[in-house]
Amino acid sequence: MRTGLTIGDFSRITHLSVKMLRRYHEAGLLEPAEVDPSSGYRYYTTAQVPTAQVIHRFRELGMPVREIGRILSTPDPEARALLVAEHLRRVEHQLESTRSAVATLRRLLVPTGPPVEVDLRTRPPTRAVAIGATVVRDQVLAWYDEAMTELDATLAAAGLEPSGPHGGLYDDTLFTDGRGHALVYIPVHVPAPAGGRVRTVTLPAAELAVTVHRGPHDDIDVTYGVLGTYIAEQAITVSGPVHEIYVVGPRDTPDTSAWRTEIGWPVFRTWAGQPSASGAAREADRVGPGGGWPRPGAHG
């Protein structure tokens with residue numbers, strides 16, 4: 001008489017369905033202790049219950065079957081712990097992304113926040129140390145981090161202080177084609193020695209419609225949508241890179257509620273003699289949430 005547990009008994013004990021147990025057997029993840037050669041019936045032992053429960057928990061965390069197999073087949077406890085920790089980090093990141101998406105959807109579906117202020121400005125020519133490159137959109141964040149680290153090191157080596165907050169310029173093709181030119185910079189009063197990818201440049205003057213994104217960058221696309229809608233409705237947009245200035249960001253404080261990112265969209269003036277950033281213009285140019293626009297750098 002067999003002393004093993006039938007697949008039905010093992011299913012009831014572990015809360016894994018018979019269908020899943022068969023799948024795990026076929027994948028080599030949880031093989032029965034014995035398979036009857038004549039009937040094909042699967043038999044398990046009570047010693048396999050903890051393994052089944054571990055698999056169940058990993059699957060609840062969304063871990064792929066192949067990855068679970070790697071963990072179970074790794075004999076070194078430290079190596080197993082590293083594999084588990086790596087997956088947990090991904091789960092936590094996905095959870096944060098989900099929370100951010102939910103908060104953004106609530107903001108879009110129930111627009112109860114204050115109107116966004118659009119300010120028409122002339123940005124003067126600006127001397128800055130900068131790094132520019134053609135970048136794939138999915139790699140912008142990593143490229144930005146590396147470029148800013150290099151710019152910081154260049155200023156430190158030259159003993160120079162920034163003359164204003166750092167920023168970035170992002171070409172339209174970065175969003176329309178998924179690949180385009182990006183330039184990040186730190187304003188300076190005097191030129192810095194060239195080295196590596198760093199160059200001292202003069203950013204040209206620009207006419208911009210500017211608004212401020214407040215808080216973390218997860219939903220900066222919503223603010224872009226508001227600004228882009230306003231500009232499209234006013235029919236004042238012109239070609240040129242989008243400007244971002246990171247007035248307050250992660251480099252300044254970990255408090256995301258304090259972050260402030262200025263977004264500047266190239267425009268032309270609709271009438272002669274229009275003052276830049278006048279109180280009247282700021283008061284008149286208020287728009288509410290809505291619209292949709294490509295998300296640029298979202299750095300800081």
Could you tell me whether [X] and [Y] make a salt bridge, using a distance below 4.0 angstrom between a side-chain N and a carboxylate O?
X: D152; Y: R251; result: yes
X: R90; Y: E86; result: yes
X: D119; Y: R121; result: yes

Does [X] reach the side chain of [Y], with side-chain heavy atoms less than 4.5 Å apart?
X: Y43; Y: L5; value: no
X: W143; Y: V136; value: no
X: T14; Y: H56; value: no
X: Y185; Y: I245; value: yes
X: D171; Y: L183; value: no
X: Y41; Y: V35; value: no
X: I71; Y: M63; value: yes
X: E244; Y: Y170; value: yes

So which atom in [X] and which in [Y] form the shortest heavy-atom distance, rounded to 0.1 Å?
X: G225; Y: T229; result: O-OG1, 2.7 Å
X: P266; Y: P241; result: CG-O, 3.2 Å
X: V118; Y: Y230; result: CG1-CE2, 3.5 Å
X: T173; Y: G180; result: OG1-CA, 3.4 Å
X: A33; Y: Q48; result: N-OE1, 3.6 Å
X: P187; Y: P165; result: CD-O, 3.3 Å

Pair T126, T202 - check side-chain contact (heavy atoms from CB on, under 4.5 Å), show working.
CA-CA 5 Å; T126 303; T202 298; over 6 Å; no
Should we say atom CZ of R197 is surrounded by more than 12 heavy atoms from elsewhere, each under 6.0 Å from it?
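Yes.
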Considering residues, nucleotides and ligands other than E78, do more than 12 of their heavy atoms fall under 6.0 Å from its CD?
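Counting neighbours around CD of E78, 12 or fewer heavy atoms of other residues, nucleotides or ligands fall under 6.0 Å, so no.
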Would you say [X]'s side chain and [Y]'s backbone share a donor-acceptor pair under 3.5 angstrom?
X: T211; Y: E117; value: yes
X: R42; Y: T6; value: no
X: H87; Y: L61; value: yes
X: T176; Y: D172; value: yes
X: R127; Y: H189; value: yes
X: T200; Y: V129; value: no

From [atom1] ([X]) to [atom2] ([Y]), nearest 0.5 Å:
X: R23; Y: S17; atom1: CZ; atom2: OG; result: 10.0 Å
X: E60; Y: I55; atom1: CD; atom2: CD1; result: 12.5 Å
X: I68; Y: L29; atom1: CD1; atom2: CG; result: 5.5 Å
X: Q234; Y: L120; atom1: CD; atom2: CG; result: 8.5 Å
X: I131; Y: Y144; atom1: CD1; atom2: OH; result: 11.5 Å
X: L151; Y: I186; atom1: CG; atom2: CD1; result: 5.0 Å

Connected via hydrophobic side-chain network under 4.5 Å: L72 and L82
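Per the 4.5 Å side-chain linkage, L72 and L82 are not co-clustered.
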Answer yes if V267 and V212 sit in the same cluster of Ile, Leu, Val, Met, Phe, Trp and Tyr residues linked by side chain heavy atoms under 4.5 Å apart, and no otherwise.
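Result: no, two separate clusters.
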For the residue pair [X] and [Y], confirm or rule out a side-chain donor-acceptor distance under 3.5 Å.
X: T253; Y: D255; result: no
X: Y24; Y: E26; result: no
X: D76; Y: T74; result: no
X: T261; Y: H213; result: no

Is there a salt bridge (Lys or Arg N to Asp or Glu O under 4.0 Å) between R59 and E67? Walk through the geometry before answering.
CA-CA 10 Å; R59 291 298 294 154; E67 192 169 334; over 6 Å; no
Take H25 and L21 through the test side-chain contact (heavy atoms from CB on, under 4.5 Å) and record every step on the way to the result.
CA-CA 6 Å; H25 178 197; L21 288 172; over 6 Å; no
Show your reasoning for whether side-chain contact (heavy atoms from CB on, under 4.5 Å) applies to I263 and V210.
CA-CA 5 Å; I263 304 167; V210 179; over 6 Å; no
Should H166 and V184 be marked as a side-chain contact (heavy atoms from CB on, under 4.5 Å) after you check the CA-CA gap, both sets of side-chain angles, and the distance that decides it?
CA-CA 8 Å; H166 63 291; V184 292; over 6 Å; no
Over 60° means perpendicular and under 30° means parallel, so tell me whether F10 and Y44 are parallel, tilted or perpendicular.
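Parallel.
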